[in-house]
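Each remark here refers to the structure printed beneath this line.
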Amino acid sequence: MITFDAEKKLFWLNTSGSTYVLHVYENGDLLELYAGAPIPCDDLRALATRPRCASFSPADARYADEHFSADTAPMAYATFGRGDFRPSAIAAENEDGNLVTELKYDSHRIYAGKPAPAGLPHLYTLTDGDASTLEITLKDPYTGLTAILSYTVFEALDALTRSVRVVNGGDKPLILRRVMSLCADLPEMDYDLITLWGRHDKERNFDRRRLGHGEQGISSRRGSSSHAQNPFAALAKAGSDEDHGEVFGYNFIYSSNFAFTADCDYNSSTRILMGIEPTGLAIRLAPGEAFQAPEAVTVRSDEGLGGMSRTFHKLYNRHLIRGEWKEKKRPLLINSWEAAYFDFDTDKLVAFAERAKALGIEMLVMDDGWFGRRNDDTTSLGDWVVNTDKLPGGLKVLVDRVHALGLKFGIWFEPEMISPDSDLYRAHPDWCVHVPGRVNSVGRHQYVLDVSRADVRDALFSMICAVLDETPVDYVKWDFNRNISEAGSASLDSAHAGEFMHRFVLGTYDLQDRLTKRYPGLLLENCSGGGGRFDPGMLYYSPQIWTSDDTDAVERLSIQFGTSLCYPASAMGAHVSASSRTGYETKGDVALWGTFGYELDPVKLSAETQALVKEQVAEYHKYYDLIRRGDLYRLICPWDDVRVCAWSFVSEDKTQALATVVASLHRHHECWRLRFKGLDPAKTYRDEKTGETYSGAYLMRVGFNMCNKLHDGQSEKWYFTAE
Ligand code: GLA
């Protein structure tokens, strides 16, 4: 998968469908010469130099080649201050106070397998044969700063990961002001930038715009990956679409501040950067100290966005999601939030569980409101002690009753938060994130608990364990309902204040790591006011993430379509709720795309709806493997047609397919067809509902006439099996 041509100093990295070529130029600079469809090992060295803009792109005075300038060359890890005026990957402030950084090739090694960056979420391999890694060590000859770049290519998937470890190999302190994880080069700029923007209740909307000259991109400075921008971006070749054309997809395995930048400079090439958002970043490295940057993933596809998504889904299902629940069938759950909000007690929850059991539901989740004096959202975060007014006799009484019914039991926490009105805050006012002397901003009446501190984490972890040790709990929903302002810690001196945001998320990772190790059977679901932390960092700890607080089936279409660009169905928390815009059939069909569950008062359901729920439960089981292991094909996307959406899952051997269509709005008297994708044209498929048979070619090329078939809010689905 990775070879080195020592004579030409070319590194060849091959994934299942792409080639990436790196080169050590004669002056020691590391260049990225090629990224694209597979090519043989030709001599690509002529790609090292690009026309420079006369005297305005500096040349390296030590070398004779007057055409070479770091300002125009395809730098593989661009440094700040030595004549490359594009945005840089790294800038280290040295003791003199300047940020000039230069990195020259020192050594490399190639090995089977993949490194595991300590304390950070990352892709992993099942066997060393799954992936190969190239590690290139670069050094700054002036300061001793050392950057070890890791490139891992996967054997069976078209994916490449990059990360960097920076070591202060000098004898004076350094401060990292920028340290991006991915720096890549595309020789053209005829790409569209695709990103996923959103807000609470409206996450991951599709945005597609043409690249222009200059810097463009997305970022988060919220202390979470955020609702506003997902740490995902794609560059899609002009003219490419859902099924055709070249697309590069980028995703950052991190749950805090991030930036993705595409910079198109004066010679119309594109530099791509992805990594920790550098505003305020200051990572102090004493001599010998090291900093590990998070991993960034690149997926390349020649089959448009659809091909890219399918690779991401396989990659994350196989190499990111971990633990018992990676393969084990997840329980079909009912969550108390929309059914009861803060207004519940043991008897009410047991009544939910009894009815849920009769409907075939497998787990009851008690959401917010079970602890401290939490009867609304103004109080008690941090007081993780059961409210025995609501749960008389404690948690065990409730859990025993639920377990006795044959249901699993889950519970909600929001560990990284503290209410000003809490015993915890009164006892430890310095345990919240704050800047001394400044008024702390509130979000949903709460402050953020300073989990960058080990002592705070230990105390918090003991509180959580005290609850979970009282009685076996099967599932935890881990929420995060505000972003981080006044980002400071009472435990950090001024020299390390610029590390706070990173230390905070490392604290979160540490807590989730400890939780999942201590309770290996526990199913963890991350959440952040709906889908505000739907990122691959979180997915490393929890195999599923709550996608959005908006559970309306029509609203969910754009949310789930957007989420599916990068994240698999197995990860996408999706529930049927009582929201009234559509009937229960459509709600069920939309939620079936994700983890599936209910978010309503089951006691209030009519007999008719209960019968439908039972059918949906049966469908959940029937299609479980197909949806989780099959390939997703987006048939009609909301960004192409706001009125109708359709998607399908096709088994890898193409013998089964489940296709769903939902009309947000009736396409009145319009003649339109639903054409399927991903089937085998030569196979004959039977439509389970009608018994009719069709060739795969017919279904994909002719399709079904849908004229006047679906009215506002209606859905239909087809299950095909190959004869
Ligand atoms: C967030 C979550 C909801 C629910 C509430 C509880 O908004 O996304 O699902 O858990 O918090 O306060």
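Just so it is clear, the values below take in all heavy atoms, side chains as well, and ignore hydrogens, waters and symmetry mates. Note that ligands are numbered from 1 as they come in the structure, with each ligand's atoms numbered from 1 the same way.
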**Fill in**
Within the heavy-atom cut-off of under 4.0 Å, ligand 1 is lined by Trp337, Asp367, Asp368, Trp412, Arg444, Lys477, Asp479, Asn481, Cys527, Gly529, Gly530, Trp546, Asp549
Show every donor-acceptor pair shorter than 3.5 Å between a side-chain atom in residues 353-364 and any protein atom, with sequence neighbours excluded, or say none if there are none.
unit_1, atom_1, unit_2, atom_2, d
Arg355, NH1, Pro602, O, 3.2
Glu362, OE1, Leu332, N, 2.7

**Asked** Can any side-chain N or O of Thr379 pair as donor or acceptor with the backbone N or O of Asp421 at less than 3.5 Å?
**Response** yes
**Asked** How would you list, by chain and number, every residue that makes a side-chain hydrogen bond (donor to acceptor under 3.5 Å, both in side chains) with Ser606, sequence neighbours excluded?
**Response** Thr609
**Request:** Name all residues meeting the side chain to side chain contact (heavy atoms under 4.5 Å, CB included) criterion together with Cys645; count only those two or more places apart in sequence or in a different chain, and write none if there are none.
**Result:** Leu557, Phe561, Pro638
**Asked** How are the rings of His122 and Tyr540 set relative to one another: parallel (under 30°), tilted (30 to 60°) or perpendicular (over 60°)?
**Response** tilted
**Asked** Can you check whether Gly521's main-chain N or O pairs, donor with acceptor, with Trp325's side chain at less than 3.5 Å?
**Response** yes
